[in-house]
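Here the structure is laid out as structure tokens; the discussion comes afterwards.
No experiment lies behind these values; they were computed from the predicted model shown. Basis for what follows: all heavy atoms, side chains included, without hydrogens, waters or symmetry-related copies.
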Amino acid sequence: MPKNVILLHSDQQRGDGLGCYGNAAARTPNLDRLASEGVRFEHHYASNPVCMPSRASLLTGRHLPAHGVIDNGIPLDERELTLAQAFADRGYDTFAAGKLHLTPYLSPAGLRHGESLAAWKDGCFDGWDGPYYGFKRVALVLGHGEGAASPERGHYGRWLAANHPEAFSMTRPNGEKPEFPGVYRSNLPPEWHHSSYVADEIIKYLENADADKPFFLFGGFPDPHHPWTPPAAYAEMFDGVKLPEPRYREGEHETRPEHYRRLMNENLFPTDGGASKRPEGRHLHEIIQNTYAMVALIDHAVGRILGAVEELGLADNTIICFTSDHGDLLGDHGLLHKGQLPFASLLRVPFVLRAPGVRPGVTAAPMSNTDVMPTLMELAEVGVPDRVQGRSFIPALTGHRERIHEAAFSCGWSKASPLFRHMSLHSEAYRITWWPGQQDGELYDLEADPCEFNNLFHEVHIRGRRDQLMEELLRTYAAAGPLEPHVVCSW
């Protein structure tokens with residue numbers, strides 16, 4: 001029988017936010033255990049530093065130029081073959097709980113996008129639970145923080161209204177004003193939080209799964225995306241805990257393209273993540289502390305899912321992996337939030353995978369989230385669709401090859417300006433980026449400069465190596481696109 005697959009996915013979580021990645025302050029025993037029982041990828045990169053493009057790449061195995069979701073606010077074409085649909089075509093049952101973000105939250109109700117807040121408010125999706133992009137059934141969470149706790153927003157909001165209506169009078173917008181906007185401790189009990197709801201729905205599915213049919217499940221946790229509003233009990237876990245300091249060096253933007261310096265005084269990405277100058281002092285500390293608390297609650301939810309898999313006797317035939325769509329700057333480089341910036345703080349995300357027959361370990365092989373689809377499908381022994389651009393990492397997992405790519409590829413655009421179009425290659429040794437709208441670039445020696453402080457792109461002594469990497473970057477970009485419109489007839 002083909003193997004079951006569970007893909008667990010957080011939102012805006014950095015690669016260095018888990019204990020298994022060396023973070024001594026993190027409280028992530030369940031994800032650390034999953035990593036110890038499986039493979040931890042040291043250099044896993046998202047294909048884009050904001051939500052919708054990265055998620056589209058993860059769930060199609062294709063780069064931005066091919067699938068067309070080049071920025072937030074662009075729905076994934078329903079004719080694109082998703083990971084869920086590919087599994088469904090091979091006889092799998094498919095279910096998603098939580099955040100998917102394959103259509104825009106702010107789209108007009110009349111477009112009837114499944115994650116449109118206006119459409120849900122107008123009642124367009126009353127009684128609906130799928131199908132959606134290959135998932136036969138979905139239980140959606142729409143929004144972040146306590147903003148998702150609304151009876152007009154998704155299945156989670158409807159669940160709260162039916163089971164815990166008192167929750168809506170407990171959320172902070174109905175009470176006292178927080179000292180720092182979007183940074184406070186929620187009064188909602190952890191078991192009513194959307195991270196717990198995602199786990200509840202996945203466990204409920206597992207308890208009622210058809211024993212004769214394989215399944216593909218997606219658990220999309222909306223945290224630790226801002227606003228930073230964890231349950232109070234989880235925030236208290238980190239009171240007095242020494243947390244890692246943000247990585248920043250005075251004057252580091254002087255050698256970078258001009259827009260980096262503008263970011264210290266302007267919000268250049270108001271609709272692309274809002275990257276801007278970080279706050280200081282207790283304000284920043286509380287943001288970071290609440291982020292750790294949100295991750296700890298996700299970890300607890302993951303532990304409950306892992307426990308259910310084991311108690312139901314499914315572990316020997318189930319592939320489980322955990323990853324995220326991108327990170328958050330969290331003060332690194334003097335900035336907060338995210339935007340069309342190729343820093344490792346935004347693009348290097350966790351990826352751990354436990355699969356039957358795969359020996360536990362750690363790999364430094366650079367991997368893109370476009371490689372997740374072919375890897376999971378080959379591990380499940382169901383074949384990989386032809387249109388997938390990513391590559392299976394089975395040879396690296398089985399020890400037959402040390403690496404699949406020399407470097408992972410990322411790229412992006414911005415609704416704000418063509419100046420912010422970018423493309424990058426990321427390896428364990430270097431990161432090179434080209435900004436065609438500015439005719440400028442970045443190059444970092446990550447072995448000597450792991451924090452990406454010193455841009456070497458214009459250094460004379462490295463020009464030969466830079467030109468070689470630029471040639472490879474442009475070849476990779478050409479292979480990643482262009483957009484392939486869907487054919488409607490022969491001529």
Side-chain angles (χ1 to χ4, degrees), residues 6 8-38 40 97-99 141 144-149 156 172 178 180 182-203 219-246 282 284-308 320-328 330-331 345 349-352 354:
I6 302 176
L8 302 175
H9 188 277
S10 62
D11 189 352
Q12 204 155 310
Q13 182 174 350
R14 298 158 55 111
D16 58 6
L18 305 180
C20 58
Y21 281 90
N23 191 322
R27 305 284 178 86
T28 54
N30 297 295
L31 286 164
D32 297 345
R33 177 169 70 90
L34 182 67
S36 70
E37 296 170 348
R40 175 168 59 84
K99 177 178 177 178
V141 179
H144 301 95
E146 289 188 343
Y156 169 64
R172 188 62 69 94
F180 305 121
V183 189
Y184 57 88
R185 300 179 180 191
S186 174
N187 294 320
L188 293 178
E191 57 268 25
W192 298 358
H193 191 276
H194 41 67
S195 289
S196 299
Y197 172 80
V198 170
D200 291 344
E201 291 296 311
I202 295 291
I203 292 168
F221 299 100
D223 276 357
H225 188 292
H226 59 278
W228 299 278
T229 60
Y234 276 80
E236 290 166 3
M237 291 168 55
F238 294 91
D239 285 344
V241 174
K242 182 173 177 56
L243 303 174
E245 291 292 324
R282 193 162 60 83
L284 180 60
H285 177 82
E286 290 194 11
I287 286 172
I288 296 171
Q289 177 172 345
N290 285 9
T291 297
Y292 276 70
M294 295 154 84
V295 172
L297 180 53
I298 291 171
D299 181 80
H300 179 72
V302 170
R304 293 177 54 219
I305 293 169
L306 296 177
I320 303 176
C321 59
F322 178 86
T323 190
S324 190
D325 54 357
H326 54 77
D328 188 300
L330 285 182
S345 311
V349 295
F351 188 76
V352 295
R354 187 181 77 186

Practice item. Would you check if the side chain of S324 reaches a backbone N or O of H9 as a donor-acceptor pair within less than 3.5 Å? Key: no
Revision key, fill the gap. When every non-hydrogen atom of T229 is compared with those of G182, the smallest separation belongs to CG2-O, 4.1 Å
Practice item. Take D325 and V349 through the test side chain to side chain contact (heavy atoms under 4.5 Å, CB included) and record every step on the way to the result. Key: CA-CA 7 Å; D325 54 357; V349 295; over 6 Å; no
Practice item. Provide the closest heavy-atom pair for L18 versus P350 in the form atom of the first, atom of the second, distance. Key: CD1-CB, 3.9 Å
Point to revise | Check: S196 side chain, P190 main-chain N or O, donor-acceptor pair, under 3.5 Å | key: yes
Practice item. Give, for atom NE2 of H193 and atom CD of E146, the distance between the pair rounded to the nearest 0.5 Å. Key: 8.0 Å
Point to revise | H326: partners by ring-ring contact (aromatic ring centres under 6.0 Å, His included), with sequence neighbours left out | key: none
Practice item. Is it possible for you to check whether R27 lies under 6.0 Å from the centre of the six-membered ring of F238, through NZ or CZ, and within 45° of that ring's axis? Key: yes
Exercise for review: Might you point out which heavy atoms bring Y21 and G15 nearest each other, and give the distance in Å?
Suggested key: CG-O, 3.1 Å
Check your understanding: Nearest heavy-atom pair of G17 and N23: which atoms, and what distance?
Key -> CA-ND2, 4.0 Å
Revision key, fill the gap. Value for CD1 (I287) from CD (Q289), rounded to nearest 0.5 Å, stands at 11.5 Å
Check your understanding: Roughly how far, to the nearest 0.5 Å, is the CD atom of E201 from the CD1 atom of I305?
Key -> 11.0 Å
Point to revise | Selection residues 294-308 - residue pairs positive for salt bridge (Lys or Arg N to Asp or Glu O under 4.0 Å), sequence neighbours left out | key: D200-R304
Check your understanding: Cation-pi between R40 and F351: NZ/CZ under 6.0 Å from ring centre and within 45° of the ring axis?
Key -> no
Practice item. Can you see which heavy atom on G145 is nearest to which on P227, and at what distance? Key: CA-CG, 4.1 Å
**Study point:** Minimum-distance pair of heavy atoms, taken over all atoms of F221 and S195
**Key:** CE2-O, 3.5 Å
Revision key, fill the gap. Separation between OG (S10) and CE (M294), nearest 0.5 Å, reads 10.5 Å
Point to revise | Student check: side-chain heavy atoms of I298 and P224 closer than 4.5 Å | key: yes
Review point. Just wondering, do P231 and L297 contact through their side chains at under 4.5 Å, heavy atoms?
Key: yes
Practice item. Would you check, one step at a time, whether the test side chain to side chain contact (heavy atoms under 4.5 Å, CB included) holds for T291 with H226? Key: CA-CA 8 Å; T291 297; H226 59 278; over 6 Å; no
Review point. How far does CG of L188 sit from NE2 of H194, to the nearest 0.5 angstrom?
Key: 9.0 Å
**Study point:** salt bridge (Lys or Arg N to Asp or Glu O under 4.0 Å) contacts in which one or both residues fall within residues 9-26, not counting sequence neighbours
**Key:** D11-R55, D11-K99, R14-D16, R14-D332, D16-R247
Exercise for review: Please lay out, stage by stage, how L8 and I320 fare under the test side chain to side chain contact (heavy atoms under 4.5 Å, CB included).
Suggested key: CA-CA 8 Å; L8 302 175; I320 303 176; 4.3 Å; yes
Check your understanding: What distance do F322 atom CZ and N30 atom CG have between them, rounded to the nearest 0.5 Å?
Key -> 11.0 Å
Exercise for review: Would you indicate whether the side-chain heavy atoms of Y292 and M237 approach each other to under 4.5 Å?
Suggested key: no
**Study point:** side chain to side chain contact (heavy atoms under 4.5 Å, CB included) between H225 and D328, intermediate numbers included
**Key:** CA-CA 8 Å; H225 188 292; D328 188 300; over 6 Å; no
